[in-house]
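Model, not experiment: these values are computed from the prediction.
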Amino acid sequence: MGDARVRSRTSFASEGLDAEAWKITVVAMFGALLAQLDATIVNVSLSSLAADLHAPLSTIQWVTSGYLLALAFALPLNGWLIERVGAKALYLWCFSIFTISSALCGLAWSAGSLIGFRLVQGASGGLLAPMAQMMIKRATGPHFTRVAGYAALPVLLGPLLGPVIAGAILHYATWRWLFLVNVPLGALAFALAVRFLPNDEQDYAARKLDWMGLFLLSPGLMLVLVGAEHVDRPSGIATVAAGALSLAAFIYVEKSKGTDALIDLDLFRRRVFSAASLTQFFSNGVLFAGQMLIPLFLVQACGRSPAAMGWMLAPMGLGMMAAMPSLGFLTGRFGDRPVAVAGALLSLVSTLALVWQATRGLDQAVLAGVIFMRGVGLGAVGLPAISLAYASVEKGALPMATTTLNIVQRIGGPILTTGCALFLSWALQGQVSRFGLNAWAWAFLALAALHAVMVLAAMLLPAVREA
């Protein structure tokens, strides 16, 4: 036994990492995987939630959009909280709140209560991913790039495992287990974090948090999205106007804060950073909007069971997993912009094929290929855009650029998901039905239009990476 331990340590040491670094990496990956799976699992289950909670699609989609919005606006709190409570303590608090809010989601009695608990769950889950990256970097040092390939596994597994797990749960149990399953997993992750994460006794330099910016941006977006559901009523118009006023105030306030701002608006004066941010916004947005529309189409329009639907969506994750490993070679051979544009075009063509499927009838073999190619396309867009964005800013501006880019990327999910859900609701009510296209075809056509904007944004990326 002792010899085996010595050989294990020697093996790790030969790679430049000790066993403790790998243990920390595994624990950190566990947290990121839970947050990623939770977003995917629930996103493909909206049809069942709407039926059981007697809520319209425009309301129940906030179970997903609210989670994504809360997740996005937890990001700026990450560094500020670490400086005050320490990395390990914050990680444990996040796991505790995530687990408790998961239990509350499983016990929700209405759509409103579920959405409220999901906001808490999203806020705690939003801190897990950046915390994981930071702890892996601290543990692995110069070997971070190599280990980051393993740490990216949750991002790849989420779209693959999420639909399958959701389908199985909905087939054999109730929707409540979509959330209750997180309770034992969260407890296990908490115990592993207590056991293996190092005590965080480092002194941190205190920084200011832009509370004003945070409180203007988050409610502003929420009011605009909620008001859009009722824009045909005076109350809805007033809500949108209040949200727009809050966002305008946010822009005005942020211009005068400089380095203390929540988002450095001066970054968007850089053409490369603006193009990369816009590409990331639409990349994340069409990903989650598609994960909302396609499951609804399979269950409501095609009559597939939740279990069958889960397996039919699995090729999406496989496509993303197929694309990611080759991106280094492809960008080195052809450049970042050509790869991003090619991926965006491939995802656009595959989304247009969904319009054909909705019009002519479902062909499972064709659908599998279409969803796989959509995964390949979307998997090829994000990393080249991120790489170009970071290459366009000075080293000292990277922390602010990282926060800004992540916020812009993550708010794409709730904004485009809400927009597509509202469009589908209008189409199903007969407000959009012409030129031989049914409501589902029009919804996929609207999604394809968003993909087309992503193609245009990718084409604005520079041909050559800045030094």
Side-chain angles (χ1 to χ4, degrees), residues 43-44 46-47 50 57-58 61 64-65 159 163 279 281-304 308-320 323 340-381 412-413 415-459:
N43 205 28
V44 301
L46 295 182
S47 180
L57 174 62
S58 59
Q61 64 89 22
T64 291
S65 292
T279 303
F281 173 89
F282 278 95
S283 175
N284 195 60
V286 296
L287 171 65
F288 280 98
Q291 287 181 340
M292 180 270 298
L293 285 176
I294 298 173
L296 287 173
F297 169 69
L298 294 176
V299 173
Q300 294 186 5
C302 302
R304 296 300 189 270
M309 174 269 296
W311 285 106
M312 292 169 74
L313 292 176
M316 175 77 179
L318 290 174
M320 297 184 75
V341 171
L345 283 171
L346 183 59
S347 66
L348 169 60
V349 172
S350 60
T351 304
L352 288 172
L354 292 174
V355 179
W356 182 83
Q357 288 273 289
T359 305
R360 301 298 181 90
L362 181 67
D363 184 316
Q364 291 194 33
V366 173
L367 180 69
V370 166
I371 292 180
F372 177 82
M373 296 311 295
R374 187 168 185 268
V376 171
L378 288 175
V381 175
I415 291 175
L416 299 194
T417 298
T418 300
C420 286
L422 291 174
F423 186 86
L424 177 60
S425 296
W426 295 336
L428 290 174
Q429 293 170 10
Q431 297 186 28
V432 178
S433 180
R434 59 187 66 180
F435 304 117
L437 299 180
N438 57 35
W440 295 100
W442 275 106
F444 286 129
L445 193 60
L447 180 61
L450 297 175
H451 276 269
V453 177
M454 180 176 67
V455 173
L456 295 176
M459 292 176 68

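Separation of atoms CG (Leu298) and CH2 (Trp311) is listed at 15.5 Å; rounding is to 0.5 Å. Separating the CD atom in Gln61 from the CG atom in Leu422 is a distance of 6.5 Å, to the nearest 0.5 Å. Note that the CZ atom of Arg374 and the CG atom of Leu346 stand 10.5 Å from one another [nearest 0.5 Å]. Of the inter-residue distances, the one linking Leu354 atom CG with Leu367 atom CG reads 6.5 Å to the nearest 0.5 angstrom. Rounded to the nearest 0.5 angstrom, Arg304 CZ and Leu313 CG are separated by 12.0 Å. A distance of 7.0 Å separates CD1 of Ile294 from CE of Met316, quoted to the nearest 0.5 Å.
Ala353 meets the side-chain contact (heavy atoms from CB on, under 4.5 Å) test with Val370; sequence neighbours excluded. Ser283 meets the side-chain hydrogen bond (donor to acceptor under 3.5 Å, both in side chains) test with no other residue; sequence neighbours excluded. Ser350 is linked by a side-chain hydrogen bond (donor to acceptor under 3.5 Å, both in side chains) to nothing, counting only residues two or more places apart in sequence or in another chain. Not counting sequence neighbours, the partners of Phe444 by the ring-ring contact (aromatic ring centres under 6.0 Å, His included) test are Phe297. Scanning for side-chain hydrogen bond (donor to acceptor under 3.5 Å, both in side chains) contacts around Thr417 gives an empty result, with sequence neighbours left out.
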Pair Val455, Phe282 - check side-chain contact (heavy atoms from CB on, under 4.5 Å), show working. CA-CA 9 Å; Val455 173; Phe282 278 95; over 6 Å; no
List the steps and the verdict of side-chain contact (heavy atoms from CB on, under 4.5 Å) for Phe423 and Leu447. CA-CA 10 Å; Phe423 186 86; Leu447 180 61; over 6 Å; no
Start with the C-alpha gap between Thr418 and Met292, add the side-chain angles, then the distance that decides, and say whether side-chain contact (heavy atoms from CB on, under 4.5 Å) holds. CA-CA 10 Å; Thr418 300; Met292 180 270 298; over 6 Å; no
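When all heavy atoms of Ala452 and Leu348 are compared, the pair lying nearest together is N-CD1, 4.0 Å. When every heavy atom of Ser347 is checked against every heavy atom of Met454, the shortest pair comes out as OG-CE, 3.4 Å. Closest approach of Leu57 to Ala421, counting heavy atoms only: CD2-O, 4.1 Å. The two residues Cys420 and Leu450 come nearest to each other via the heavy atoms SG-CD1, 3.8 Å. Scanning all heavy atoms of the two residues, the minimum distance from Ala323 to Ala380 falls at CB-N, 4.3 Å. Residues Leu424 and Ala443 share a closest heavy-atom pair of CD1-CB, 3.8 Å.
The list of side-chain hydrogen bond (donor to acceptor under 3.5 Å, both in side chains) pairs with a residue in residues 353-373, not counting sequence neighbours, is empty.
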